[in-house]
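The structure appears below as structure tokens.
Every number for a ligand or one of its atoms is a count from 1 in the order of the listing. Heavy atoms only: backbone and side chains are in, while hydrogens, waters and symmetry mates are out. Please read all numbers here as calculations on a predicted model, not as lab measurements.
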Amino acid sequence: MTKNNGFIYLRRILKTISGDFMGEQEKEASLPSKDNFSEWYNELLQIAKIMDVRYPVKGLYVWHPFGFTIRKKTYSIMRELLDRDHEETMFPLLVPESEFMKEAQHIKGFEDEVYWVTHGGTSPLEVKLALRPTSETAIYPMYKLWVRSHADLPLRLYQIVNTFRYETKHTRPLIRLREITSFKEAHTVHATWDEAAGQVDEAIRIYTEFYHRLAIPILSSRRPDWDKFPGADYTIAVDSLMPDGRTLQVGTAHHLGDNFAKTFEITYEDSEGEQVYAHQACYGVSERCLAALISTHGDDKGLVLPPEVAPVQVVIIPIIFKNPEEVLAACEKVSEELKDAGIKVKTDDSDKRPGAKYYKWEMQGVPIRLEIGPRDLKNKAAMMARRDTGEKEQIPLEDIASTIKDTFADIHENLYSQAEAQLREHIFLCEGLEGIKDKLVHGIVQTYWCGKKDCGKEMEDVIGAGILGIPNEQPGCKGKKCPLCGEEAVNSIYISRTY
Ligand SMILES: Nc1ncnc2c1ncn2[C@@H]1O[C@H](COS(=O)(=O)NC(=O)[C@@H](N)CS)[C@@H](O)[C@H]1O
Ligand SMILES: [Zn+2]
């Protein structure tokens, strides 16, 4: 038995002795402390019924309905934001080798990651087919047919599909998958380079809003050239801070220049009747948004969900001593009222002990618990317990739906500001190499750079961590030196350990 398991086993013994008896099934599901983030994360995915990792193919995982509902809710937020000026569509999964192999940089970037289909039944295919690792090479041959004139631009389409990448690094549920099941990718076409650049900025604005809706603060920065998307002019990424001080790339937007337009002959007739190559942008978010959601807000009791994406937003627990009918009738009435107000509510009238019920619904991250018993009825009230703060307060049954909705807004704001403070506390301004190395253990380092590629690459080797990017908002670099070569700094940069 490892030290760790011994500790968990001891904890279980102590829990039993302390009389904090839980139902047999809960005892099995004790969650490690979040301080041990990796174990906590893996256990929580199972206990909270997000994903089942036992599927017999590496890097592929199965959605439990509960997790799938959270995923669906993040989709509806992303669709709401993109549908303002994009249109949703769907392109095929299989990409003929001839198309896939067209864009040289793109191939170089994906040749080790692409899955190939070589047979149909027992007969070998004439042209082998790639499982899309991302959809440029599936979409752009069609854009060539669709984009004829200036009037067709800008074209802004997106799709939410699964994509496949033969990841050779350590795969992890929601974080590094071989089948990305929730790839929300947008592909846009523009008349000029500047318009495509404007779209990249708009994509980052959309992603910042999307993550705000999940109460997750993110950092946006331009990736160093050696870390941009294959075939792109440049890449802007958004990163969230994970509890172990590493950053998670939770979305990217790429300026493709006219690189893909030249390869796939996407041209349009301009006002002088000239054929002009279009300029493009593409951007995407995967189920890493859920990894960030779970990791940013979860605690030692389990998930903590922002109300907008919680499958169960309110759980009602009847507290029954005497006259159960009266209590159950009151719970039913409150439940109906909340449902009429569009709130997702569940009443747990199972025969579990209240303690076991609290444990279960806290684990599932239910934002609000309502306890209703005879004493509450006498006061025409319910006891409201908030999952984010643990606070309990009596609230009047009268107009309870609007009280709950106001509390949802407070919960969301509280989760966001807590996460924002956490992020701010883990960005360390350092100017010397030694300071950078020891701060990197705890989070993100903001430092300076001379802007020279070979110096940047050497700095990464010396520090043992990558340059995350160049933030858009640049503090002045006047008089600041590059920590490696000592030359004048031209940029302030973020450095972090990453997933
Ligand atoms: N193996 C993976 N598992 C989970 N998420 C991934 C994986 N690979 C990439 N992602 C996520 O998907 C996002 C978009 O992927 S990407 O390669 O950067 N960009 C593209 O594929 C572009 N075509 C825009 S859609 C990344 O920012 C990252 O958050
Ligand atoms: Zn330098």
Side-chain angles (χ1 to χ4, degrees), residues 58-61 78 82 91 103 106 109-110 113-115 132-140 157-188 199-200 203-204 207 210-211 218 220-221 223 227-232 234-240 247-256 260 280-292 431 433 447-460 462-463 467-469 477 480-491 493 498-499:
K58 180 179 161 66
L60 274 60
Y61 308 101
M78 183 62 89
L82 289 174
F91 289 81
E103 215 291 323
H106 192 68
F110 282 103
E113 288 190 10
V114 65
Y115 282 91
R132 61 187 169 215
T134 171
S135 299
E136 283 74 7
T137 54
I139 296 174
Y140 299 170
L157 302 183
Y158 75 95
Q159 62 177 8
I160 302 185
V161 292
N162 59 345
T163 56
F164 293 83
R165 299 187 182 193
Y166 185 65
E167 293 281 358
T168 44
K169 275 190 188 173
H170 177 48
T171 52
R172 288 198 76 158
L174 299 178
I175 291 176
R176 187 172 294 282
L177 315 159
R178 287 189 167 176
E179 176 181 4
I180 305 170
T181 69
S182 329
F183 201 63
K184 303 171 272 298
E185 58 176 326
H187 295 265
T188 63
Q199 190 64 42
V200 170
I204 295 302
Y207 287 171
F210 171 73
Y211 279 104
I218 40 112
S220 74
S221 65
R223 287 289 187 258
D227 194 20
K228 68 186 177 187
F229 181 69
Y234 63 85
T235 288
I236 308 266
V238 288
D239 296 283
S240 74
T247 54
L248 179 67
Q249 178 180 284
V250 288
T252 28
H254 314 289
H255 193 309
L256 304 180
F260 283 84
Q280 295 175 264
C282 68
Y283 30 105
V285 167
S286 74
E287 45 260 66
R288 282 189 181 175
C289 61
L290 295 180
E431 301 193 20
L433 286 181
T447 186
Y448 298 93
W449 178 34
C450 60
K452 293 190 180 61
K453 179 173 178 177
D454 51 2
C455 183
K457 298 288 281 177
E458 194 189 335
M459 190 167 11
E460 290 187 329
V462 166
I463 290 170
I467 293 181
L468 187 68
C477 294
K480 300 295 180 187
K481 305 281 182 219
C482 174
L484 190 79
C485 68
E487 285 191 23
E488 278 304 294
V490 297
N491 286 122
I493 55 173
T498 61
Y499 272 82

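- Ligand 1 has an N or O atom lying under 3.5 Å from an N or O atom of Leu177, backbone or side chain.
- In this structure, His254 and Phe229 have parallel ring planes: the angle between them is below the 30° cut-off, well short of the 60° mark.
- For the residue pair Tyr283 / Gln199, a side-chain donor-acceptor distance below 3.5 Å is found, with atom types taken as modelled.
- If you look at Phe183 next to ligand 1, the close heavy atoms, those under 4.0 Å, all belong to the side chain.
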Q.
Would Arg165 and Glu179 count as a salt bridge (charged side-chain N to carboxylate O under 4.0 Å, His left out) here? Give the steps.
A. CA-CA 7 Å; Arg165 299 187 182 193; Glu179 176 181 4; over 6 Å; no
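- Remark: ligand 1 and Ser286 share an N or O pair separated by less than 3.5 Å (distance only, no angle test).
- Scanning all protein heavy atoms for the shortest distance to atom 20 (C) of ligand 1 gives Phe229 CE1, 3.5 Å.
- Salt bridge Lys481/Glu488: present, at least one basic N to carboxylate O contact under 4.0 Å.
- With respect to Lys58 and Glu167, no salt bridge is recorded, no charged nitrogen being found less than 4.0 Å from a carboxylate O.
- Listed by chain and number, Cys450 SG, Cys455 SG, Cys482 SG, Cys485 SG are the protein N/O/S atoms closer than 2.8 Å to the Zn ion (ligand 2), with waters left out.
- Of all the atoms in ligand 1, the ones that sit under 4.0 Å from a non-hydrogen atom of Thr134 are 20 (C), 21 (O), 22 (C), 23 (N).
- Close approach to Glu136 involves these atoms of ligand 1, each under 4.0 Å from a residue heavy atom: 22 (C), 23 (N).
- Against a heavy-atom cut-off of under 4.0 Å, Arg176 is close to the following atoms of ligand 1: 3 (N).
- Contact annotation: for Glu287 versus ligand 1, there are no heavy atoms closer than 4.0 Å.
- Remark: ligand 1 atoms within the under-4.0 Å shell around heavy atoms of Gly284 are 13 (C), 14 (C), 24 (C), 25 (S).
- A donor-acceptor pair shorter than 3.5 Å cannot be found between the side chains of Thr137 and Glu103.
- Residues Val161 and Glu185 approach most closely at CG2-OE2, 3.6 Å, considering heavy atoms.
- At least one cation-pi condition fails for Arg132 and Phe164: the charged atom is not both under 6.0 angstrom from the six-membered ring centre and inside a 45 degree cone around its axis.
- The aromatic ring centroids of His187 and Phe91 lie 6.0 Å or more from each other.
- Counting the atoms of ligand 1 from 1 in the order shown, those under 4.0 Å from a heavy atom of Cys282 are 22 (C), 23 (N), 24 (C).
- Across Pro230 and Gly109, no two heavy atoms sit closer than the pair CG-CA, 3.5 Å.
- For Thr134 and Glu136, the side-chain atoms include at least one donor-acceptor pair closer than 3.5 Å.
- Atom 1 (N) of ligand 1 has Glu167 OE2, 2.7 Å as its closest protein atom, hydrogens excluded (heavy atom only).
- Residue-level proximity to ligand 1 for His254 is carried by the side chain, the only part with a heavy atom below 4.0 angstrom.
- Heavy atoms of Ile175 approach ligand 1 to within less than 4.0 angstrom.
- Counting protein heavy atoms only, atom 16 (S) of ligand 1 is closest to Thr252 OG1, 3.7 Å.
- Atom 7 (C) of ligand 1 has as its closest protein heavy atom Ile180 CD1, 3.5 Å.
- Ligand 1 places these atoms under 4.0 Å from at least one heavy atom of Tyr283: 24 (C), 25 (S).
- Judged as a side chain to side chain contact (heavy atoms under 4.5 Å, CB included), and not counting sequence neighbours, the contacts of Lys169 are Arg176.
- Annotation: atom 17 (O) of ligand 1 to nearest protein heavy atom, Arg165 NH1, 3.0 Å.
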**Q.** Trace of the side chain to side chain contact (heavy atoms under 4.5 Å, CB included) decision for Cys482 with Tyr448
**A.** CA-CA 5 Å; Cys482 174; Tyr448 298 93; over 6 Å; no
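- At a heavy-atom distance under 4.0 Å, atoms from both the backbone and the side chain of Gln249 approach ligand 1.
- Among all heavy-atom pairs drawn from Thr181 and Asn162, the shortest one is CA-CB, 3.9 Å.
- Taking any N or O of Glu185, backbone or side chain, none lies under 3.5 Å from an N or O belonging to ligand 1.
- Ion pair Asp239/Arg223 flagged as a salt bridge, since at least one NZ, NE, NH1 or NH2 atom sits closer than 4.0 Å to an Asp/Glu carboxylate oxygen.
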